[in-house]
Amino acid sequence: MTRRDEYRTKPGVRVITGACPHDCPDTCAWEVAVEKGRALDLWGHPGHPFTAGRLCGKVDRYLERTYHPDRLRAPLRRGPDGAYSPISWETALAEISARLRGILDDPQYGPEAILPYSYGGTLGLLQGEGVAARLWNALGTSQLARTICAEAGSWGHRYTTGRPIAMDPMDFARARLILIWGSNTLTSNMHLWPQILAARKQGARALVIDPANTRTARAADEWIPIRPGTDAALALALMHVIIGEGLHDRDYVARHTLGFDALRERVAAWTPARAEAETGVPRARIVRLARAYATTRPAAIRLNYGLQRHRGGGMAVRAITCLPALIGSWRERGGGLQLSSSGSFHLDKRGLERPDLRPDPAPRTFNMIRLGDALSLEPHIRARALFRPRPVDPAPTAADAGPPVKALIVYNCNPAAVAPDLAAVRRGLARPDLLTVALEHFMTDTAKAADYVLPATTQLEHWDAHKSYGHLFFALNRPAIPPVGESLANSEIFRRLARALGRREPCFEEPDEQILERFVAAQTHPSFRSITWARLLAEGFARLDVPDPYLPFAEGGFPTPSGKCEFFSQTMADDGYDPVPNYTPPAYTERASATDDALCCISPPAHSFLNSSFVNVERLRRRERAPCVFIHPEDARARDIDDGASVILESRVGRVELPARVSEDVIRGTVLAPGIWWTSDTPDQKGINELTPQDETDMGGGAVFYDISVRVRPTTSSDAAGPA
Ligand SMILES: Nc1nc2c(c(=O)[nH]1)N[C@H]1C(S)=C(S)[C@@H](COP(=O)(O)OP(=O)(O)OC[C@H]3O[C@@H](n4cnc5c(=O)[nH]c(N)nc54)[C@H](O)[C@@H]3O)O[C@H]1N2
Ligand SMILES: Nc1nc2c(c(=O)[nH]1)N[C@H]1C(S)=C(S)[C@@H](COP(=O)(O)OP(=O)(O)OC[C@H]3O[C@@H](n4cnc5c(=O)[nH]c(N)nc54)[C@H](O)[C@@H]3O)O[C@H]1N2
Ligand code: SF4
Ligand SMILES: [Mo]
């Protein structure tokens, strides 16, 4: 008997369907057993083909997180002594709206002095940007470019294939060769693994290209270690071999790609020997890999965002995205590539987010990865934080800076842990004249810096709807339990705030369920034809109305200007880029001198956390033990670092102290600090993003979390009393 059957037979227990809200490609559908308003259990929906009845180890603990004793239960106000005391919603909203109105009405400041700041706490269409966007549009506040995760790769992907469209992840089961490229699949995309296992049962090989011997690399057939940020060099050399040996699909290339001659000319110089010097992958292995990839059919690539958190990340994704078109693997079921499937969802969000309410000209846009700069009172520093995604966009000057940010409204995000240059973020948040409001579940590092902390509901307590960036299903989330404590859904908090600010538009009266019902009804794209509100209420989720099997580019039809996969992109030339795939070396390789012994620091996801979420769930924290940094034995020996010893990592912008774990599971020249811990768990009360500069990737203004030059040395007695 399944858990569902078991609970359904119990009197007084109801089973309610929902969806995981987290920033994860798997977008699982779940079921929750509820008795007398209390959730008893939660599990993966057995009827959802991708979820297949299982949740990950983190969300298996979602009830512990929801009913955690530290869950925020009432609005909090920080007093002059720094201590927080509970206040009523009426008082909180009256005081916050009075402060905001002061800013809005002051001719020195105005609406642009308010900065909303949010990211992936929930990816829900409603509790994410839905009602929030209505309010920011209506007020005309500064806008936020949400660049912290995937921007470089998304631009590189779009320039090449037009939209982020992927092969159906279920079809990985039919591949014969699978390249897992910059993805720790077992950690960050675990529901793809059964498909990969099914393929291997049929004789497929799975190869992992990663600087670290991750749990995925250990479970796969081969680990191909690579220096961080050099993947474009590898891709160019693979194309060098494939074209040089005539292994490309001439027919597919002729009919469905643009710029083959330019590509051939470019990769001619990318011999495997040259790529070996950049990537550290031996030339013979590059040749073997190229031949295997071009001749094993079908061949699939799972590319993830890990490899685009480098200076040249956009170009790297662009170069890799050319591969399936070159060998024609889009033709076959089980062939192609997956980075993101989000481009298969053609959602019309106009009614939901109301961009029509936004003033014209549009207010300024800040790049979220430069929050530290954005909060500066110096116009020339603030101007650096204005969003400038392409080289052709003029570099803003102090004259463009606009008013200082006087109010920061944070929701679904923990910038005091996840954003680059934490010292700059901290300086900004500490400004006495800055009003900071945080909508949260817990007292995160960001909430601890806020003037007002407003308790938000979790996914068990509110309505929402979800697309996916890792498969083709749309999902509805129904509330299963009443709000914990006095918490309110983001949507309700923003509606109440809108009314407290005197907004009378009917869109701030509309209840959640009705907003979602209207949103679903407003979708006119053919892929939504059979997805109705009634069906979502009855079934909980629905596959997009796209063909099954889904072979998006078997016959070409790329949504690019030319309708082809663009090896040559005129749009890129117009945007100020090299129009043909190229290699931009990572920033950390620019050594100050020949004797410089700097290493590259990367900090990919910890298995049991989701970015900085779940760190406070006791059982998950115990599983991750403690913050640490992995270092290769030779790098450790050269620096007199013993396993377990405390070390100092220093970058251009900051320093942190961590215990070292000496291990061959990370390549020489790279150190790896897993996960984003809360500062309360770290030896020096400093998060890993102390080290990350506010530098931007080549495309889209993304963050360079894995392209940091650091010096690593043992901690000495003088460090204890060292600079703060
Ligand atoms: N458990 C868990 N799951 C998560 C998350 C989490 O924090 N924890 N985060 C979620 C989020 S926000 C996202 S964006 C997604 C995807 O998140 P991703 O950041 O793509 O996560 P990973 O799959 O861990 O991929 C990172 C892998 O890339 C490797 N890597 C780093 N630099 C390079 C490089 O230059 N080249 C190559 N080839 N590899 C490199 C790292 O060693 C790591 O194994 O995962 C989501 N899922
Ligand atoms: N060094 C380093 N830094 C990184 C990364 C890395 O790999 N290394 N990864 C980057 C990536 S890929 C990403 S996507 C970002 C992620 O950065 P964030 O989007 O900030 O993700 P989380 O750290 O999970 O924080 C989300 C917060 O939202 C809250 N939250 C969840 N649901 C709700 C809700 O319904 N309402 C409200 N009000 N709050 C809610 C949670 O409690 C949590 O504190 O971090 C980036 N930072
Ligand atoms: S975090 Fe990802 S794998 Fe885990 S339950 Fe949510 S969607 Fe599924
Ligand atoms: Mo992300």
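Each ligand, and each atom within it, is numbered from 1 in the order the structure gives. Quantities reported herein were computed from a predicted structural model and do not represent experimental measurements.
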Can you tell me how the ring of [X] sits relative to the ring of [Y], calling it parallel under 30°, perpendicular over 60° and tilted otherwise?
X	Y	result
Phe50	His191	tilted
His310	Tyr706	perpendicular
Phe474	Phe519	parallel

Quick one: do the [X] and [Y] side chains pair a donor with an acceptor below 3.5 Å?
X	Y	value
Glu129	Ser118	yes
His466	Thr27	no
Asn490	Asn412	yes
Asn477	Asp464	no

Rounded to the nearest 0.5 Å, how far does CZ of Phe609 lie from CZ of Arg623?
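The CZ atom of Phe609 is 10.0 Å from CZ of Arg623, to the nearest 0.5 Å.
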**Message:** Short of 2.8 Å from atom 8 (Fe) of ligand 3, name each protein N/O/S atom, waters not counted.
**Reply:**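 Listed by chain and number, the nearby protein N, O or S atoms are Cys28 SG.
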Is it true that Glu690 and Arg426 make a salt bridge, defined as a side-chain N closer than 4.0 Å to a carboxylate O?
->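 Counted as a salt bridge, because a side-chain N and a carboxylate O are separated by less than 4.0 Å.
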- prompt: So which protein residues pack against ligand 2 under 4.0 Å, heavy atoms counted?
  reply: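 Close residues (ligand 2, cut-off 4.0 Å): Asp23, Arg65, Tyr119, Gly120, Gly121, Thr122, Ile148, Cys149, Arg309, Asn412, Cys413, Asn414, Val418, Leu439, Glu440, His441, Thr444, Ala456, Thr457, His462, Asn490, Ser603, Leu610, Asn611, Ser612, Ser613, Ile676, Ile688, Asn689, Phe705, Tyr706.
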